[in-house]
> 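Got a structure for you, written out below as structure tokens; questions coming shortly.
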Amino acid sequence: MKPSHPASDPRQLLEQMLLIRAYEESIVSGSAAGKMPGTCTSVGQEAAAVGVVNALAADDLILTNHRSAGHLLARGADPGRLLAEVMGRRDGYCKGRSGSLHISAKELGVVLTSTIVGAELSMAPGVALSQTMLGRPGIVVCFFGDGAACEGSFHESLNLAALWNLPILYVCENNQWQAFVHRREAMSREHVADWAAAYSIPARTVEGNDVFAVLAAAQAAAAEVRDSRRPYLLETCTYRTRGHLEPDDQGYVDQAELAAWLARDPIAACRNRLLANGSLTPAQAAALADRVSTRIAVAQAFAEASPFPAAEELCRDVYA
Amino acid sequence: MKPSHPASDPRQLLEQMLLIRAYEESIVSGSAAGKMPGTCTSVGQEAAAVGVVNALAADDLILTNHRSAGHLLARGADPGRLLAEVMGRRDGYCKGRSGSLHISAKELGVVLTSTIVGAELSMAPGVALSQTMLGRPGIVVCFFGDGAACEGSFHESLNLAALWNLPILYVCENNQWQAFVHRREAMSREHVADWAAAYSIPARTVEGNDVFAVLAAAQAAAAEVRDSRRPYLLETCTYRTRGHLEPDDQGYVDQAELAAWLARDPIAACRNRLLANGSLTPAQAAALADRVSTRIAVAQAFAEASPFPAAEELCRDVYA
Amino acid sequence: MPTLTLYDAVGAALTEEMRRDSSVIAFGEGIATKRRELVDEFGGLRVRNTPLAEGIIAGTAVGAAATGLRPVVDLLFAPFLCYAMDELVNSAGKLRYMSGGQFSFPLVTLAMTGAGWGVGAQHNHNVEAWFVHSPGLKVVMPSTPADAKALLKSAIRDDNPVLFFLDIGLLYQPGEVPADEQTLPLGRATVLRNGQDVTLVSYGKTVQHCQQAAETLAGQGIAAEVIDLRSLKPLDEAAILTSVGKTGRLVVVHEANRLCGIGAEIAALVAEQAFSSLKAPIVRLGGPDAPIAASYPLEQASVPQAATIAAAAARLCAAQPA
Amino acid sequence: MPTLTLYDAVGAALTEEMRRDSSVIAFGEGIATKRRELVDEFGGLRVRNTPLAEGIIAGTAVGAAATGLRPVVDLLFAPFLCYAMDELVNSAGKLRYMSGGQFSFPLVTLAMTGAGWGVGAQHNHNVEAWFVHSPGLKVVMPSTPADAKALLKSAIRDDNPVLFFLDIGLLYQPGEVPADEQTLPLGRATVLRNGQDVTLVSYGKTVQHCQQAAETLAGQGIAAEVIDLRSLKPLDEAAILTSVGKTGRLVVVHEANRLCGIGAEIAALVAEQAFSSLKAPIVRLGGPDAPIAASYPLEQASVPQAATIAAAAARLCAAQPA
Ligand SMILES: Cc1ncc(C[n+]2csc(CCOP(=O)(O)OP(=O)(O)O)c2C)c(N)n1
Ligand SMILES: Cc1ncc(C[n+]2csc(CCOP(=O)(O)OP(=O)(O)O)c2C)c(N)n1
Ligand SMILES: [Mg+2]
Ligand SMILES: [Mg+2]
């Protein structure tokens with residue numbers, strides 16, 4: 001499987017978001033039913049993922065983290081292999097060894113996914129160095145959270161990328177939460193983009209729940225990185241509308257803030273806009289929803305049918 | 001021994017700088033003669049140390065690093081006990097266990113000196129937290145280099161200090177070098193002070209070879225920290241005129257840059273100014289120099305007479 | 001006796017010690033959210049959420065400990081300690097000695113570790129041996145809620161930095177915990193079962209596996225002695241040597257990688273100091289030299305289970321005395 | 001044969017491998033300054049100075065290694081590895097396995113360690129055992145310039161992350177180094193001296209002390225076999241077991257803290273797998289559980305010296321067979 005072509009039709013963007021949502025919801029219910037482990041879902045953040053990934057070329061490389069389903073699915077990952085991985089099955093992208101938290105898919109250019117918050121930032125310069133020194137055209141996109149931005153690796157990574165002219169598009173998904181800590185309790189500034197100026201790295205914040213705004217901003221940012229061969233930081237402002245890790249009762253969440261963000265649901269916004277401007281008919285919308293739920297059902301069946309790895313796998317692939 | 005009173009007479013500032021220079025030179029020659037280990041001298045940076053330390057109150061606490069002789073001596077440390085420590089003798093401030101690189105002197109308020117570059121930054125918030133939570137008036141002064149500013153701990157420390165309102169005066173001694181790497185090869189910006197804005201921490205750069213300018217800037221900065229109970233960053237721009245660690249032929253150093261900074265020697269500048277404005281007579285200058293060399297000679301004799309620690313010391317003070 | 005999970009036993013210890021001593025403070029990534037009752041009782045200055053930055057959490061604890069506070073920090077999962085190694089090892093572990101005894105570092109670092117949740121190698125990596133190898137640090141890993149509470153109270157009162165590991169697999173198992181303010185000294189193992197044929201030494205989750213193995217062995221006429229180390233440093237060498245002096249046979253069991261693990265230390269200790277008592281080779285059962293997979297069956301396969309322990313011990317007892 | 005110091009042997013290995021393979025690059029805090037000749041030959045893109053930030057140096061190496069380059073990074077002194085633990089342990093060591101084998105990490109980390117310069121515990125801390133305990137990493141520590149060159153060349157060609165430790169005390173000792181492009185396989189120990197009475201196993205600086213001890217012992221009629229491990233992971237278990245199978249007596253010597261060190265691993269290995277050959281207790285000689293002082297006499301006292309080794313071995317040989 002290769003990275004899917006960037007979506008050119010707005011309906012494709014909507015379909016990707018629907019797929020991500022349905023995928024995450026299948027895990028939420030699977031996990032509530034005890035059939036699946038809990039995961040860090042990206043519900044509410046679909047536009048931020050879809051908008052950025054569809055701004056990329058096939059030879060660009062992506063680094064991501066524990067909250068990666070959106071990035072993977074937008075890049076064309078097979079939901080069946082993803083679910084198999086979440087369930088620790090042999091047909092998962094990582095043979096079941098990763099589970100949900102660190103799914104890499106090299107064939108899609110999704111490399112070195114790590115659940116160590118901050119590790120994506122520490123590895124991105126090296127990936128970009130390879131691109132540069134080996135003469136590869138692709139840029140490197142590093143997705144990270146507002147929490148990761150508080151790790152020292154943020155500072156070290158941006159300083160090095162600026163110094164060494166590394167073609168990295170840093171994408172901070174500021175979803176207002178760092179697990180059980182609100183961004184306000186953890187950051188001395190409102191925005192991670194405010195921190196980029198220290199390194200003379202151009203930066204922009206964008207409304208992260210508007211997939212078209214994100215796509216446009218990401219296209220501009222990626223073009224700038226591609227041309228300048230220098231880093232750029234794009235901050236997508238969004239919200240984690242479910243808990244950190246399923247199950248999570250969100251008892252600690254400010255209900256007014258949550259409600260305000262739920263009212264700005266990226267999928268509803270996109271669908272309403274397409275319906276309103278006539279790019280989508282209600283029948284087409286229903287067909288999209290159907291297609292998506294069929295894909296997830298097929299994926300689930302595939303994952304459930306996939307066997308667990310054999311015991312001999314315990315020590316395989318430790319050393320090259 | 002208690003911290004010495006801040007110098008009120010400009011001649012005392014000069015004398016402190018002379019003492020630091022003479023102390024460092026005694027180590028350079030002792031080490032060339034094989035009597036002493038090599039150290040990281042602060043030659044050329046005396047004004048930056050003396051100016052800041054004399055802006056502090058007795059109950060302020062200082063964290064410093066491997067290049068600390070100036071901070072210690074300006075704070076009133078006994079050069080004999082310092083030299084004994086450098087030589088690994090029993091009467092050193094740390095019983096000979098530290099050597100030159102991590103001399104703490106709790107009695108002087110010089111706490112937790114570490115040679116791990118960046119560790120001073122990581123420990124400073126905790127010291128300031130104690131001051132705050134235990135109701136102590138003293139502020140915390142954290143000396144660190146331009147190199148330390150490149151470590152992730154810089155980012156983590158400043159972000160936390162800003163968030164938690166910690167009374168820390170961060171003092172970056174930007175001496176243009178990070179061991180064998182020029183600051184230009186390591187920093188995406190010219191000044192560490194440029195990085196402070198990211199945390200909404202007020203910052204200022206000051207000509208670090210002018211002891212009066214440093215003193216004035218440090219007094220203002222310390223007052224601001226004392227009043228606001230918030231962090232502040234002061235960057236003293238200076239130059240390491242000797243090598244990183246004695247002996248060091250400085251073959252890698254741009255000779256024009258070195259010559260330019262040597263021409264701005266902080267001690268010569270201070271002495272000339274005092275002679276010119278009549279605060280110091282040539283005879284007084286000579287007397288100062290004499291007094292300083294006598295003190296160093298006495299210190300050296302003391303250190304040399306101090307025995308090495310006994311073998312039973314090997315495992316003492318590991319656990320409390 | 002009241003029943004608590006290990007997670008709640010930690011909370012109870014924190015509460016009691018924070019009541020007792022106003023210099024005890026706690027902070028970490030979410031501790032003020034997850035242990036809201038501590039904030040309610042002690043206020044938001046003594047119990048704080050932090051930015052997501054393990055290095056500065058640990059460094060702040062080190063600085064605070066040296067200057068009058070007694071911090072407890074929650075670094076969540078053991079692999080995240082990798083971001084705090086400098087602060088724990090180079091600062092907390094060394095600056096007392098290096099300063100000639102000028103400072104002490106009464107601080108406790110909590111970290112979860114071990115199999116049970118299928119969270120993969122970046123959450124499940126047993127690194128307690130690193131801190132045993134590093135000077136100036138103490139290391140504790142309890143196997144029951146009662147021990148967790150009593151040991152954590154001692155760790156908080158100790159004037160040294162203590163790494164306090166919580167076995168993920170035990171975290172929500174309930175257990176009886178005395179209601180009183182009991183403490184347990186660090187460095188004292190406990191003999192959970194007496195026996196004269198073979199000694200099973202363990203800590204954390206595999207203690208239970210050893211106890212099950214001992215049951216099985218009893219059915220085969222083999223009397224196994226089961227020792228729970230509880231503290232890994234200081235290590236209760238006397239308890240181990242006494243037991244092996246009696247049984248002459250030793251199986252050390254843990255979940256961590258065998259190579260240079262606690263099992264290696266104990267095997268070496270016994271081969272040095274109780275050699276003449278030994279009737280059979282020493283057996284170490286531990287994790288493989290591999291990251292731990294998320295996949296549940298693989299994760300479980302990496303942990304020494306009761307049947308394996310019983311089989312190894314039975315083999316030792318069957319062998320001719322050397 | 002030409003004579004080189006260990007420091008220069010490292011330079012020679014780098015030069016040869018960078019000539020051989022254009023994907024080999026080198027970076028670190030000052031490497032382009034201190035090894036200027038590499039910049040002159042290979043240019044400032046392949047040999048770079050970095051900011052003072054070990055985490056990003058190691059992380060960049062990890063990212064580069066996974067995507068086509070073969071980085072060698074100089075992290076200076078071993079205690080500074082504390083700032084790179086996440087990148088080395090959680091990323092380089094685990095992401096191959098965790099990704100189901102999608103990536104490999106051909107990278108070498110250089111670090112100096114050990115007594116000799118009186119620089120204190122924040123520069124001198126032997127942490128090689130940490131990396132043996134961690135999965136997915138190889139660990140090498142040579143004792144001669146010739147071995148350093150040949151092993152570093154192999155380490156650079158290896159597709160796994162290799163921690164390559166340089167003993168400070170040996171760094172400027174000259175030694176003969178073959179001029180040809182010789183490599184040595186990782187994981188192969190060398191028997192430096194044959195003997196049938198006692199096996200002395202060591203690595204790094206204390207290898208020489210073992211050889212001196214063997215001389216002393218020879219004078220007392222005791223034939224010591226001396227093994228230099230060279231690689232700590234993979235460990236040449238066969239070489240150790242074969243030797244102890246012959247001598248029945250083992251002294252393991254290193255400078256690192258004894259607790260959970262390489263000596264513990266080797267003692268445990270032998271107590272498990274060569275128990276029936278053992279005629280006497282195993283002896284571990286290593287550093288104390290203390291930071292290393294800067295004061296020269298204390299620093300030296302922390303290292304097992306030849307006399308101590310000889311005395312321990314002689315005592316073993318005098319003891320009655322068990
Ligand atoms: C080094 C490290 N510290 C802590 C954690 C536990 N953890 C996992 S996700 C998370 C929150 C991350 O916040 P952010 O970077 O904003 O990403 P988000 O989860 O919001 O997408 C935390 C604390 C971790 N995985 N790694
Ligand atoms: C973590 C760490 N990395 C590297 C070193 C080696 N080292 C000691 S001093 C130094 C340069 C420090 O530069 P800077 O912070 O600017 O302080 P300066 O020496 O210039 O005063 C280096 C690289 C160290 N001691 N600690
Ligand atoms: Mg977030
Ligand atoms: Mg500097």
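What you are looking at is a predicted structure, and each value in this text was computed from that prediction instead of being measured. Every chain is numbered from 1 and lettered A, B, ... according to where its sequence line falls, protein lines coming before strand lines.
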> Residues of residues 122-129 of chain A under 4.5 Å from chain D (heavy atom pairs)?
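Against chain D, the residues of residues 122-129 of chain A that fall inside the cut-off (heavy atoms, under 4.5 Å) are A:Ser122, A:Met123, A:Pro125, A:Gly126, A:Val127, A:Leu129.
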> Working to the nearest 0.5 angstrom, can you tell me the gap between A:Leu163 CG and D:Asn49 CG?
11.0 Å
> Is the shortest side-chain heavy-atom distance between A:Cys94 and D:Met98 below 4.5 Å?
no
> Please classify the contact between D:Gln102 and chain A as side chain, backbone, both or neither, with a heavy-atom cut-off of under 4.5 Å.
both
> Taking side chain to side chain contact (heavy atoms under 4.5 Å, CB included) as the test, write out the residues that go with D:Ala53, two or more places apart.
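Result, side chain to side chain contact (heavy atoms under 4.5 Å, CB included) vs D:Ala53: A:Glu156, B:Glu151, D:Ile56.
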> Looking at A:Val140, A:Thr113, A:Ile103, A:Leu134, which one has more heavy-atom pairs under 4.5 Å with chain D than the rest?
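Winner by heavy-atom pair count: A:Leu134.
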> By a 4.5 Å heavy-atom criterion (distance strictly below it), what part of A:Glu85 contacts chain D: side chain, backbone, both, or neither?
neither
> So which heavy atom on A:Ser130 is nearest to which on D:Gly63, and how close?
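Reported closest heavy-atom pair: OG-O, 4.4 Å.
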> Given heavy-atom pairs under 4.5 angstrom as the criterion, report whether the side chain, backbone, both or neither of A:Leu121 touches chain D.
backbone
> For A:Arg316, which atoms come within 4.5 Å of any heavy atom of chain D: side chain, backbone, both, or neither?
backbone
> Looking at A:Arg90, I'd like to know if its CZ atom is crowded, meaning that more than 12 non-hydrogen atoms belonging to other residues, nucleotides or ligands lie closer than 6.0 Å.
no
> According to side chain to side chain donor-acceptor pair (under 3.5 Å), who are the partners of D:His123, at least two apart in sequence or on a separate chain?
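Side chain to side chain donor-acceptor pair (under 3.5 Å) list for D:His123, sorted by chain: empty.
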> Report which part of A:Ile116 has an atom under 4.5 Å of a heavy atom belonging to chain D: side chain, backbone, both, or neither.
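The answer is the side chain of A:Ile116.
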> What option among A:Gly96, A:Pro309, A:Ala105 has the most heavy-atom pairs under 4.5 Å with chain D?
A:Ala105
> How close do A:Leu112 and D:Phe105 get, heavy atom to heavy atom, and via which atoms?
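For A:Leu112 versus D:Phe105, the nearest heavy atoms are CD2-CZ, 3.6 Å.
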> Given that the side chain runs from C-beta out, which part of D:Arg48 has a heavy atom under 4.5 Å from chain A: side chain, backbone, both or neither?
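Contact with chain A involves the side chain of D:Arg48 alone.
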> Are there more than 12 heavy atoms of other residues, nucleotides or ligands under 6.0 Å from atom CZ of D:Arg188?
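No, not enclosed.
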> Below 4.5 Å from any heavy atom of chain D, which atoms of A:Thr115 appear? Answer side chain, backbone, both or neither.
neither
> Rounded to the nearest 0.5 Å, what's the gap from OG1 on D:Thr67 to CE on A:Met133? Could you check?
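Reported to 0.5 Å precision, the distance equals 11.5 Å.
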> Taking side chain to side chain donor-acceptor pair (under 3.5 Å) as the test, write out the residues that go with D:Gln182, two or more places apart.
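Side chain to side chain donor-acceptor pair (under 3.5 Å) list for D:Gln182, sorted by chain: empty.
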> Taking every heavy-atom pair that is under 4.5 Å apart, which of D:Leu95, D:Asn160, D:Asn90, D:Asp159 has the most such pairs with chain A?
D:Asn160
> Might you point out which heavy atoms bring D:Thr60 and A:Trp164 nearest each other, and give the distance in Å?
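That closest heavy-atom pairing would be CG2-CZ3, 4.4 Å.
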> Rounded at 0.5 Å granularity, tell me how far NZ in D:Lys94 sits from CZ in A:Arg97.
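Reported to 0.5 Å precision, the distance equals 15.0 Å.
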> Has the side chain of D:Tyr97 got a donor or acceptor atom that lies under 3.5 Å from a matching backbone atom of A:Cys315?
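Side chain of D:Tyr97 to backbone of A:Cys315: no pair is present.
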> Do A:Ser104 and D:Ser99 pass the side chain to side chain donor-acceptor pair (under 3.5 Å) test, and can you show the C-alpha distance, the side-chain angles, and the key distance before you say yes or no?
CA-CA 6 Å; A:Ser104 297; D:Ser99 67; 5.7 Å; no
> Using non-hydrogen atoms only, which part of D:Ile25 is less than 4.5 Å away from chain A: side chain, backbone, both, or neither?
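For D:Ile25, side-chain heavy atoms alone lie under 4.5 Å from chain A.
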